[in-house]
Structure formats: C-alpha cells, structure tokens
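Only one structure is covered here, and it is reproduced in the block below.
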Amino acid sequence: MAKIINVGTLISGGGTNLQAIIDSATSSISGSISGSTTDKIDANILFTGSDTHGVKGLERAQKANIDTFVVDYAKIIRACKHGIDDADLPPDFNLGEILEKQQLVTSDVSSVTSPDRIEFFLKSRAIAEKMLLDHILAYEIDLLVLAGFMRVLTPYFIDRLNTIPGKYRIMNIHPALLPSFPGTDGYGDTFRYGCKVGGCTVHFVDYGEDTGPIIGQRSFDIEPGDTLEDVKRKGLEKEWELYPACIQQFAESV
Ligand code: GRF
C-alpha cells in the first residue's frame, strides 16, 4: 500500500479538477463531479491557495474543510507597476541566478520582450511567489498540485519547493497533448488547428512553460461537427480521471 501523501493545491477558477481530486481523496463519492465511481487515492489535501478572490474552487475547498488562502496576483502586479524597490523583493531573491535558470521568457531584438520587461516580470512574480511560499511552507507537503492555476511559476518559487536535486514536487495539468499546444488555450489551439484527436497532459513543473517531464496523458476523438465547447467538455472529463491517477502514481513512488 502507498503511504498517504500530503498534497497542497493551487487554483485560479472553477476548480473542477480540484473537485475530482477531493472526491478521489475522500472515500465518499457524493458530489462526485463525473457522477462515476472514483478510485480512492492515497492523498490528504492540506490546503487550496488561489491567485484570485471569490472563485468557485475556493468554495469547493471550504466545503470539504480544506484550509484556503488567496495571494492576489493582480493587485500585487498593479502595485509593482508603481516601482519595485529592492526592499520589496524577497531577501533571498537573486536576479542573476533566476535570469540564468528561467526558460519562460526570452529577450528579442524587437524589444517586445525587452530586458526591462523580463526583469519586471521576474521581480513582480517573485514578490507574489514569496507570499505563496509563506503560506505553503507552513505545511509539510509531499506534492504541490496546480489544478487550473493560471500563473507560471519562476525558478525563485520552484527551487524553494524542489529542494532535493532531481526530485520534482510540483505537478500541473495542461489541456492539450504536450508537447503540442503549450500555453494558455490548449483546447482552443487544438480545435482551431483542426486536430482529430485532443487530449490532456499531467506533467511535472520545470523552469519552462509546460515543458516538464510528462507523467500521464489521456486522449479523445474530435468528431466532425464538434464545437469548441464539445472539445472542452470531452477534455475536462478526461482531466478528472487523469489527475487523480497521476497523484496516485506519485504516492506509490514515494
Ligand atoms: C483545465 O482545463 C486545466 O487543464 C487548465 O485549466 C482548466 C482548469 O479547470 N490548466 P478547472 O478550474 O479545474 O475547472
């Protein structure tokens, strides 16, 4: 039998994946999102954090008696636009080291992404990430699960969770069959390309965007006449099966 792992979760919105994980982590299947019997997984959810107040996913967590917190990214980034002093940055923030490691943004000659913008991006995100870490590190978690968390995480954050070299501890779900269609609109990109098969991917988080090692994937057929809404519905149903299964696989590996 696998050990029961302690899991933290981060969300940004509706939290249907979070609900599927909650349903699988508790033996009760009442309120199960898919309506089908979910296999019990060896996971205990300690908290749900959000980058936005008032989202439905927070309600789902509270209903399941899971601790919640919010780090309001939009507000933090707005405040940073008035200027970032060194004193605002986490004391252990090292811009040079993070610039060297990060694979999220590249500087280009047209200055669409100028060095100044990259610096602002990394500094403002580190300020928000330090606030996330202040909540998260108060718990002893084995795994952090991003369940529709719509923010990229920089090396500043990742290095403070992945403290054992070579051991990944952050998982993400992406709405496409990676490495195709990384980015924010996987189902939309799959649909608009005219793919006949769509899918979802659970992967570990590394320094790039949607680039980390793949843990599991599920696919579905896209039939003639399917709309984008059909693709999203089919995809989400697969996500609700896949994410708990990947968390269980992790639990069995520790
Ligand atoms: C999912 O499609 C997931 O793949 C993507 O964001 C969506 C979150 O949905 N990262 P929900 O909040 O779990 O309902």
Side-chain angles (χ1 to χ4, degrees), residues 7-26 31-36 38 41 43 45 47-64 66 68-71 73-74 104 132 143-153 157 170-193 195 197-206 208-220 222 226-247:
V7 172
T9 57
L10 293 180
I11 59 159
S12 294
T16 64
N17 277 286
L18 172 69
Q19 188 68 59
I21 297 164
I22 293 171
D23 292 344
S24 327
T26 52
S32 163
I33 192 133
S34 57
S36 62
T38 44
I41 60 170
I45 306 171
F47 64 80
T48 297
S50 169
D51 66 337
T52 310
H53 286 282
V55 294
K56 172 97 176 145
L58 286 170
E59 263 177 53
R60 294 180 189 274
Q62 281 152 5
K63 209 169 156 195
I66 295 168
T68 59
F69 61 84
V70 176
V71 171
Y73 264 62
L104 298 165
L132 278 182
L143 178 68
L144 181 67
V145 165
L146 310 182
F149 184 64
M150 302 306 282
R151 303 281 175 179
V152 292
L153 294 169
F157 181 92
I170 310 172
M171 258 186 209
N172 182 41
I173 188 152
H174 180 74
L177 289 171
L178 291 172
S180 294
F181 309 121
T184 52
D185 191 16
Y187 292 135
D189 293 340
T190 301
F191 176 72
R192 284 185 294 274
Y193 197 89
C195 294
V197 173
C200 52
T201 304
V202 171
H203 64 95
F204 285 118
V205 172
D206 68 1
E209 187 177 2
D210 304 324
T211 53
I214 290 175
I215 303 159
Q217 294 183 303
R218 290 275 195 285
S219 64
F220 55 88
I222 301 175
D226 274 357
T227 62
L228 176 56
E229 288 316 306
D230 294 324
V231 170
K232 286 186 178 167
R233 178 183 44 77
K234 288 181 182 182
L236 272 173
E237 282 170 9
K238 295 291 177 189
E239 292 185 32
W240 303 332
E241 293 168 16
L242 177 64
Y243 222 163
C246 291
I247 295 169

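Just follow the structure's listing: the first ligand is 1, and inside any ligand the first atom is 1. For reference, positions follow the sequence shown, starting with 1.
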Q. Who pairs with Glu241 by salt bridge (Lys or Arg N to Asp or Glu O under 4.0 Å), at least two apart in sequence or on another chain?
A. Arg218
Q.
Under 3.5 Å between any N/O of Ile173 and any N/O of ligand 1: does that happen in this structure?
A. yes
**Q.** Contacting atoms of ligand 1, where contact means under 4.0 angstrom from a heavy atom of Thr16
**A.** 11 (P), 12 (O), 13 (O), 14 (O)
Q. Starting from atom 9 (O) of ligand 1, which protein heavy atom do you reach first, and at what distance in Å?
A. Asn17 ND2, 3.9 Å
For residues 172-186, run the donor-acceptor check on the side chains, cut-off 3.5 Å, and write out each pair with its distance to 0.1 Å, sequence neighbours left out.
{"unit_1": "Asn172", "atom_1": "ND2", "unit_2": "His203", "atom_2": "NE2", "d": "3.2"}
{"unit_1": "His174", "atom_1": "ND1", "unit_2": "Asp210", "atom_2": "OD2", "d": "3.4"}
{"unit_1": "His174", "atom_1": "NE2", "unit_2": "Phe181", "atom_2": "O", "d": "2.6"}
{"unit_1": "Asp185", "atom_1": "OD1", "unit_2": "Gly188", "atom_2": "N", "d": "3.2"}
{"unit_1": "Asp185", "atom_1": "OD2", "unit_2": "Arg192", "atom_2": "NH2", "d": "2.8"}

Q: Indicate the atoms forming the closest heavy-atom contact of Ala147 with Asn17, along with that distance.
A: CB-CB, 4.2 Å
Q) Do Ser12 and Thr52 have side-chain atoms, one donor and one acceptor, less than 3.5 Å apart? A) no
Q: Could you list the atoms of ligand 1 found under 4.0 angstrom from a heavy atom of Glu239?
A: 1 (C), 2 (O), 3 (C), 4 (O)
Q | Within-cut-off N or O pair, Tyr187 and ligand 1, under 3.5 Å | A | no
Q. Heavy-atom distance to atom 12 (O) of ligand 1: which of Cys200, Gly15, Gly57, Gly148 wins?
A. Gly15
Q: Kindly indicate whether the side chain of Lys63, heavy atoms from C-beta on, has any atom under 4.5 Å from the side chain of Ile22.
A: no
